[in-house]
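Keep in mind the model is a prediction, meaning the values are calculated, not measured.
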Amino acid sequence: MAKRIDIKDLNLFYGSFHAVDGVTLAVPPRNVTAFIGPSGCGKSTVLRSLNRMHEVIPGARAEGQVLLDGEDIYSAAVDPVSVRRTIGMVFQRPNPFPTMSIRDNVVAGLRLAGVRDRKRLDEVAERALRGANLWAEVKDRLGKPGGGLSGGQQQRLCIARAIAVQPDVLLMDEPCSALDPISTLAIEDLIGELKKDYTIVIVTHNMQQAARVSDQTAFFNLAGVGQPGKLIEVDDTEKIFSNPSTKATEDYISGRFG
Amino acid sequence: MSDRSSLRRPATTATSGGPRGGGVTDDEQFAEAPIPSPPSQSAAKHGRLGDRVFAGFATGAGVFMVVLIAAIGIFLLIQAIPPLADNKASFLFSRTWNADPADLNFGVLDLLLVTVFSSVFALVIAMPVSLGIALFLTQYAPRRAARPLAYLVDLLAAVPSIIYGLWGLEVLAPALSGFSVWLNENLGWIPIFADGNVSAQIGQTIFVAGIVLAVMLLPIITAVSREVFDRTPTPHLEGAIALGATKWEVIRTTVLPFGRPGYISASMLGLGRALGETIALLIILSTTTQFFGWSLFDGGDTIASKIARASAEFNDPKAAGAYVAAGLVLFALTFVVNAAARAIVAGHKEYE
Ligand SMILES: Nc1ncnc2c1ncn2[C@@H]1O[C@H](COP(=O)(O)OP(=O)(O)OP(=O)(O)O)[C@@H](O)[C@H]1O
Ligand SMILES: [Mg+2]
């Protein structure tokens, strides 16, 4: 569990469009790394490339290396399906499987991995739901469809689904942007707990959130429309928010707090 | 609260180039919108008149439809009642059909059984094949190949049924002759492959007719299934992919559950079509004096093909009325099938 990620000179493309240029970045294990930056600078694109979700989009491709504990997930010998089984992802909009019950949603990943033992699945479902702070709310209706929960509950269900398979890394793309402040707080607390066990990368537009939950912050920017996004700087969150080393970062951050 | 504003800011910063211009035009349109309205009393009246005309027209069309359907129904019932009153056999449970006006002795059961049996057989073949085609076209085929292939399948729907009938009789029946005989000889102990009341070798059987019907159903079921499979929401697809699902597992966990109601209602639609198919069956099926015996190698007639075959007898109102009664049974059957399709779709609403 909890592996480190080293991104080396990663370039990402959508067809002929060069979306992200030359990202090099280290994500330590048991640590929360936040991606911040203006819309369109490629935060989601980079995040999705970390579990090979980027290439799911027709025409999209990646160049460069992403090392998971030293092993390149883009090497020809690696099956993208197995990468995704060890690197979990939570999306901006909660996406539980609507035809599955709450319990089946949580254990969907294990089922895919071939676990059939009912008792084991029940145990994992409970552990993951507890881990996602959702157990108390749903324990009496595990058989009901996952689509019947509130947005915040659905998002925690998706987190439970992602952590049920005990991934090495957890990727989150603006996990709170569709949620109310209370659900947001619940998920931020959860991230604080999860980082004891997982390596977490989170994209957020919310400066306070980045400051609250992350240990390290990476600032992305783009020079102009049609230009590729770039990693401007990455540092300890405290340093980025108090004393960033580039003017662009300072402008972006002070824009929030001004 | 400051959370909120910080969330919005970057979006505005990034789009400040072109899109801001777009925002201004929007505002202008809004500003202009109220201007024409004050001096426009006549325009408002115009609007109201237009509304009234259109509402009247729409209501009229609706009422006309209902009246038309009711009139057709009543007309058919009026036609059917006299021969039903003179009928010596039980219309619903007798298996003989004799529409001689001097000696009315007709029952619809045998026709009904052949109709349902051949349609269900066609559906059993067409459902999995259509599912396979739809999944292949939407999930597996490279996009450049999928389009012409889909077009080709759609083209099957444009072939007139008389062509299907001729093809079934002249091409398919001889081609399947050996296979039919083999099935009959080796699997004859299964009732549906048992000796039928016409020759399996010649092939003017429900077996051949059902396969032709299945081909006719393919484009109907495939077209609708393709649409619903294509519309599987990307977030669900990505959710499954991100969990490490293989292509087939993605299909099983998201595409199929999402598309199931559409697929089932498409199949029911196809079933309705098969029940009413006339000319192809008229050409392929060989008539027989024996009753239908639950074998695929039976001949006989469906309700629709029986009516078509008898069109020469329609100069006598009583004989025609007997066939009208049979037609009403067919209508009731397709109505039930359609209602079932609707119920199935409605039952799955919660997932959409
Ligand atoms: N599916 C796609 N096809 C083509 N181009 C895309 C696609 N997704 C994103 N892009 C482009 O790639 C660039 C980076 O997009 P990305 O979604 O990574 O930005 P982001 O930083 O996550 O923005 P936001 O903060 O708005 O989510 C943008 O220019 C975008 O238009
Ligand atoms: Mg994004």
Side-chain angles (χ1 to χ4, degrees), chain A residues 36-41 48 51-53 56-58 79-100 105 108-113 145 147-148 158 161-162 164-165 167 171 174 176-177 181 184 204-209 222 224-225 252 255-257, chain B residues 1-22 138-139 141-144 146 228 230-263 347-352:
Chain A
I36 61 170
S39 190
C41 66
R48 291 168 58 96
N51 68 342
R52 297 193 62 169
M53 283 300 287
V56 168
I57 294 165
D79 178 8
V81 166
S82 62
V83 170
R84 295 177 199 130
R85 286 193 179 172
T86 55
I87 303 184
M89 186 159 207
V90 176
F91 295 82
Q92 180 168 356
R93 315 196 95 237
N95 58 352
F97 300 126
T99 51
M100 286 187 198
N105 260 287
L110 267 94
R111 281 247 173 82
L112 292 178
C158 291
R161 182 174 73 184
V165 291
L171 308 174
E174 303 185 45
C176 305
S177 66
T184 300
T204 178
H205 272 301
N206 181 327
M207 294 302 125
Q208 278 95 340
Q209 185 170 66
L222 76 176
V225 178
Y252 185 73
R256 304 319 109 230
F257 289 139
Chain B
M1 273 296 100
S2 57
D3 286 5
R4 283 284 146 97
S5 59
S6 65
L7 208 148
R8 289 229 176 96
R9 273 279 180 77
T12 0
T13 334
T15 53
S16 59
R20 182 167 285 172
T138 57
Q139 310 296 318
R143 275 200 290 179
R144 223 173 293 150
V228 292
D230 250 344
R231 263 193 261 133
T232 313
T234 315
H236 296 153
L237 290 175
E238 294 201 328
I241 296 171
L243 271 183
T246 59
K247 186 92 208 175
W248 167 237
E249 287 164 342
V250 171
I251 291 172
R252 229 183 42 208
T253 51
T254 57
V255 177
L256 288 182
F258 184 82
R260 180 178 298 139
Y263 169 64
H348 281 77
K349 268 277 157 58
E350 73 223 53
Y351 295 143
E352 283 173 16

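Interface remark: A:Val81 contributes backbone and side-chain atoms alike to the contact with chain B (heavy atom separation under 4.5 Å). Neither the backbone nor the side chain of A:Arg52 comes within less than 4.5 Å of any heavy atom in chain B. Heavy atoms closer than 4.5 Å to chain B are found in the backbone of A:Ile87, but not in its side chain. Contacts of B:Thr246 with chain A are made by both backbone and side-chain atoms, with heavy-atom separations under 4.5 Å. For A:Pro80, no part lies near chain B; criterion is any non-hydrogen pair under 4.5 Å.
Between A:Arg48 and A:Phe91, the closest side-chain pair of non-hydrogen atoms falls below 4.5 Å.
The main-chain N or O of A:Phe97 is found under 3.5 Å from a side-chain atom of A:Asn105 such that the two form a donor-acceptor pair.
Around CZ of A:Arg93, the count of heavy atoms belonging to other residues, nucleotides or ligands within 6.0 Å does not exceed 12.
Residue B:Gly244 comes nearest to B:Glu249 through the heavy atom pair O-OE1, 3.9 Å, listed as atom of the first residue, atom of the second, then distance. Minimum interatomic distance between B:Val228 and B:Gly262 (heavy atoms only, all atoms of both residues): CG1-CA, 4.0 Å.
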